[in-house]
Amino acid sequence: MTHENRGRLTANPAGNWRLYSETLPDGATPIGTVTRDGNDTGALVRFQSTGRYAQVNCGAVRNLDGRKVAARSACCPAARLGRARASASTCI
């Protein structure tokens with residue numbers, strides 16, 4: 001058994017986050033969708049107060065490794081450093 005997808009994260013800033021959660025926690029800004037380990041997809045959000053990223057599915061919140069999210073934001077250095085406000089137009 002191999003674990004080639006273990007820990008893999010794919011972000012889609014154009015993804016429809018509402019397919020995975022109708023509501024978001026207080027202080028969370030939707031960015032798009034995120035897929036973890038190849039088959040676990042949910043809404044990608046950023047908490048403005050802490051700068052942390054998370055995956056939200058029907059109210060369940062899972063913390064994401066900010067380094068992995070930052071690695072997917074090479075085309076948007078300000079977002080990678082946590083200085084840009086995340087939005088649907090933010091490149092990640």
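As a basis for the values below, the full set of heavy atoms in this structure was taken, side chains included, without hydrogen atoms, waters or symmetry mates. Just so it is clear, the model here is predicted, and its values are computed rather than measured.
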Could you tell me which non-hydrogen atom of [X] sits nearest to which non-hydrogen atom of [Y], and how far apart they are?
X     : Y     : result
Ala54 : Val61 : CB-CG1, 3.7 Å
Ser21 : Gly59 : OG-N, 3.9 Å
Arg36 : Leu64 : CD-CD2, 3.3 Å
Gly66 : Tyr53 : CA-CD1, 4.4 Å
Val56 : Pro25 : CG2-CD, 4.2 Å
Asp40 : Gln55 : OD1-NE2, 3.3 Å

Open item on the list: Going by side chain to side chain donor-acceptor pair (under 3.5 Å), Thr41 matches just one of Asn57, Thr33, Thr35. Which one?
Closed with: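 With Thr41 as partner, Asn57, Thr33, Thr35 yield a single side chain to side chain donor-acceptor pair (under 3.5 Å), made by Thr35.
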- [ ] Please step through side chain to side chain contact (heavy atoms under 4.5 Å, CB included) for the pair Val69 and Arg46, ending with a clear verdict.
- [x] CA-CA 10 Å; Val69 175; Arg46 181 172 182 263; over 6 Å; no
- [ ] Give a yes or no on whether Leu44 and Trp17 share a hydrophobic cluster (residues Ile, Leu, Val, Met, Phe, Trp, Tyr; joining criterion: side-chain heavy atoms under 4.5 Å apart).
- [x]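 Cluster IDs for Leu44 and Trp17 differ.
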Open item on the list: Is there a path of hydrophobic side-chain contacts, each under 4.5 Å between heavy atoms of I/L/V/M/F/W/Y residues, joining Ile31 to Val34?
Closed with: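 Yes, because Val34 and Ile31 connect within a single hydrophobic cluster, where side-chain heavy atoms sit under 4.5 Å apart.
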- [ ] State the OG1-NZ distance between Thr10 and Lys68, to the nearest 0.5 angstrom.
- [x]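 Reported to 0.5 Å precision, the distance equals 10.5 Å.
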TODO: Working to the nearest 0.5 Å, report the span between CZ of Arg8 and CG of Asn39.
DONE: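 Spacing of CZ (Arg8) from CG (Asn39) equals 12.0 Å.
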